[in-house]
Amino acid sequence: MTAYTSDFLNILAERGFIHQVSEPDALDARAKDGTLTAYIGYDCTAPSLHIGHLLPTMMLYWLQQTGHRPIALMGGGTTRVGDPSGKDETRRVLSEEAINENLRSIRKTFSKFLKFEGDGGNAIMANNADWLNTLNYIDFLRDVGRHFSVNRMLSFDSVKLRLERQHELSFLEFNYMILQAYDFVELNKRYGCALQMGGSDQWGNIVNGIDLGRRMNNAHLFALTAPLITTASGAKMGKTAAGAVWLNADLVSPYDYWQFWRNTEDGDVGRFLKLFTVMPLDEIARLSALQGAEINEAKKVLATEATALMHGRDAAAEAGDTSRKTFEEGSFAGALPTVEIARAELEAGIGVLTAFADKTALASSNGDARRQIKAGGLKVNDATVGDDKMMLTAKDLTADGVIKLSLGRKKHVLLKPV
RNA sequence: GGGAGAGUGUCCCGAGCGGCAAAGGGGGCGGACUGUAAAUCCGCUGGCUAUGCCUUCGCAGGUUCGAGUCCUGCCUCUCCCA
């Protein structure tokens with residue numbers, strides 16, 4: 001590992017954030033001497049960021065922590081185009097209103113990690129729609145387009161893959177890399193931004209921006225990419241049955257978020273502690289050294305620290321507490337997801353199938369609930385359901401005044417009469 | 001514009017002589033074993049008011065007792081020629 005002299009690169013390197021860096025020595029000197037401004041681009045195709053965005057966001061966090069200036073660039077303009085990288089299919093194009101809606105929602109997530117201007121910090125949230133939407137096509141072609149060689153563009157993986165597999169690549173998408181390169185140049189001009197970071201798949205796009213900056217403005221720009229994070233068993237990170245692990249609390253509750261980290265594979269714990277928490281490295285080293293069942297302690301720390309970063313210390317503690325009661329003591333606490341039902345309805349009696357499929361959506365349909373019963377996967381108040389005609393009534397309420405429904409060992413919902 | 005080929009279970013890939021709720025994978029879910037891990041093994045993986053009914057193979061028609069399968073038209077994609 002290269003020894004850096006700047007705090008910023010040192011921390012990123014020690015914690016495993018660095019995959020590739022352009023001109024490491026020059027960047028290191030730059031980060032040591034003064035304030036470095038760097039950006040990461042985000043799509044806004046969804047109303048929330050997900051786990052996959054967390055890693056780059058942590059890089060912005062450390063950037064700010066080490067005295068520099070982060071820019072979160074929202075792709076309000078490029079989202080209307082769609083990055084072809086790593087995808088076979090054309091991305092659907094969102095309406096402008098939907099994009100703006102998503103943008104607002106995502107901004108809240110950033111504010112947990114970054115201190116923005118007007119909030120006691122220097123972080124900037126930019127939107128490339130600000131400059132892309134008003135571009136004049138002819139001017140753009142003349143000023144920017146002439147610096148791009150189609151021969152070279154065709155050699156990029158993102159394009160080559162599509163062509164080789166004979167999938168359609170529209171001209172619109174073909175232009176994505178040009179727009180991203182232009183973003184970098186524009187941010188350099190506006191804010192003196194000198195570094196673009198991103199996932200390893202972004203290397204080509206970032207380097208394009210560096211080249212364009214040099215050709216247009218003789219600017220000296222840098223690239224830094226993070227490794228692609230897969231789990232120890234090779235799966236892509238953050239994919240669960242329920243879909244993506246979102247960062248917004250209303251999409252994935254702090255409890256579920258905590259559980260996500262708690263269920264990390266053994267082999268990933270040390271790496272994840274370094275990447276997704278801000279704990280000191282010596283403490284992480286101690287936790288990572290735990291063997292066998294003891295590593296569960298490290299997983300709990302990981303879950304709590306990661307959740308605290310995202311949802312706050314209190315929510316993390318509550319999620320940890322609920323989890324302990326649920327899994328270790330066999331009881332439960334209030335932070336489990338709760339679904340309210342009318343008391344009268346409960347008194348009249350609710351079929352188990354209805355309770356699991358309609359009320360709580362633990363099962364996807366009555367048929368699914370039936371199948372789960374046959375497989376022994378459904379529990380009411382921790383007792384396995386054996387009969388799909390079973391009725392739930394007020395008599396099933398526990399001392400806490402709720403009914404606990406479980407699918408498998410990990411998914412629990414409380415049914416609460418109101 | 002001409003010629004050739006393709007579109008299958010709303011997660012993906014993919015088989016499918018006219019009797020098909022449709023092979024086989026992957027993924028996912030559940031169970032067993034464990035440590036809320038991994039690996040392994042087993043089961044499940046259209047819907048419903050359920051010994052039956054309804055909806056599915058690009059779309060719309062047709063032939064047939066019966067169509068994913070045959071015919072016609074259309075749509076989309078790929079390749080070759082112009």
Side-chain angles (χ1 to χ4, degrees), chain A residues 86-90 92 161-170 173 230-245 253 255-273 287-304 306-307 319-333 335-337 349-354 356-358 360-380 382-389 391 404-413:
Chain A
K87 293 173 193 71
D88 282 343
E89 287 168 28
T90 304
R92 71 207 158 95
L161 208 75
R162 284 278 192 93
L163 295 179
E164 276 169 5
R165 306 178 77 177
Q166 301 181 346
H167 282 285
E168 158 107 350
L169 176 71
S170 70
E173 295 167 284
T230 54
T231 65
S233 50
K236 253 204 193 131
M237 197 185 158
K239 286 183 72 183
T240 67
V245 178
S253 71
Y255 167 79
D256 286 326
Y257 192 73
W258 195 95
Q259 281 293 321
F260 169 78
W261 294 106
R262 172 64 244 263
N263 286 305
T264 298
E265 291 176 33
D266 287 9
D268 293 325
V269 175
R271 199 158 47 110
F272 285 6
L273 278 167
L287 287 168
S288 306
L290 295 174
Q291 290 298 313
E294 293 201 329
I295 202 162
N296 282 327
E297 290 311 311
K299 290 185 190 179
K300 288 179 204 169
V301 173
L302 170 64
T304 301
T307 307
D321 197 46
T322 299
S323 299
R324 184 173 51 76
K325 286 181 177 157
T326 305
F327 289 98
E328 295 175 23
E329 296 173 9
S331 64
F332 55 84
L336 284 175
I350 298 176
V352 258
L353 298 182
T354 310
F356 276 94
D358 290 349
T360 65
L362 278 170
S364 58
S365 67
N366 283 2
D368 185 37
R370 236 183 284 264
R371 283 191 289 271
Q372 293 294 358
I373 287 173
K374 206 178 294 174
L378 294 192
K379 294 199 185 92
V380 171
D382 298 315
T384 304
V385 177
D387 176 11
D388 61 14
K389 295 205 173 54
M391 298 297 285
K404 180 186 182 189
L405 303 180
S406 313
L407 177 111
R409 285 165 301 163
K410 293 185 184 175
K411 274 169 267 170
H412 310 282
V413 169

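FYI, side chains are in, hydrogens and waters are out, and symmetry mates aren't considered; it's all heavy atoms of this structure. Protein chains get the first letters and strands the later ones, always in sequence-line order, with residue 1 at the start of each.
Judged by Watson-Crick or G-U wobble contacts below 3.5 Å, the nucleotide B:G43 has B:C29 as its partner. Taking a pair to require two hydrogen-bonding distances under 3.5 Å in either a Watson-Crick or a G-U wobble arrangement, B:U34 remains unpaired. Across the strands present, B:G68 finds no partner; the criterion is a Watson-Crick or G-U wobble pair with both atom distances under 3.5 angstrom. In this structure B:G1 sits in a base pair with B:C81, meeting the Watson-Crick or G-U test at under 3.5 Å.
The glycosidic torsion of B:C20 lies within 90° of 0, which places this base in the syn conformation.
Of the possible polar contacts, none joining the A:K299 side chain to the A:V269 backbone as a donor-acceptor pair under 3.5 Å is found.
B:C17 and B:G58 have their P atoms separated by 15 Å, given to the nearest Å. The separation of B:A50 from B:A38, taken at their C1' atoms, amounts to 41 Å, rounded to a whole angstrom. Taking atom C1' in both B:G61 and B:C75, one finds a spacing of 15 Å when rounded to whole Å.
In the set B:G35, B:G30, B:G31, the nucleotide with an atom closest to the side chain of A:R409 is B:G31.
Residue-to-nucleotide contacts include a donor-acceptor pair under 3.5 Å from the side chain of A:Q259 to the base of B:U36.
Taking side-chain N and O atoms only, A:K410 has no distance below 4.0 Å to OP1 or OP2 of B:G35.
By the 4.0 Å N-to-carboxylate-O rule, A:E265 lies too far from A:R271 to be salt-bridged with it.
Within the 4.0 angstrom heavy-atom criterion, base atoms lie near A:K299. Among the protein residues, A:R371 comes within range of the sugar-phosphate backbone only, with heavy atoms under 4.0 Å from sugar or phosphate atoms but none that close to a base.
Side-chain contact check for A:W261 and A:T307: no donor-acceptor pair (N or O, by modelled atom type) lies under 3.5 Å.
Taking every heavy atom of residues 287-295 of chain A and every atom of RNA chain B, pairs under 4.0 Å involve A:G292, A:A293, A:I295, by number.
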Sort me out a list of protein N/O and nucleotides 52-54 of chain B N/O pairs below 3.5 Å, or just none if empty.
none

Using nucleotides 48-50 of chain B, report all nitrogen or oxygen pairs with the protein that are shorter than 3.5 Å.
unit_1	atom_1	unit_2	atom_2	d
B:C48	OP1	A:N366	N	3.3
B:C48	OP2	A:G367	N	3.1
B:U49	OP2	A:N366	ND2	3.3
B:A50	N6	A:R370	NE	3.1
B:A50	N6	A:R370	NH2	2.7

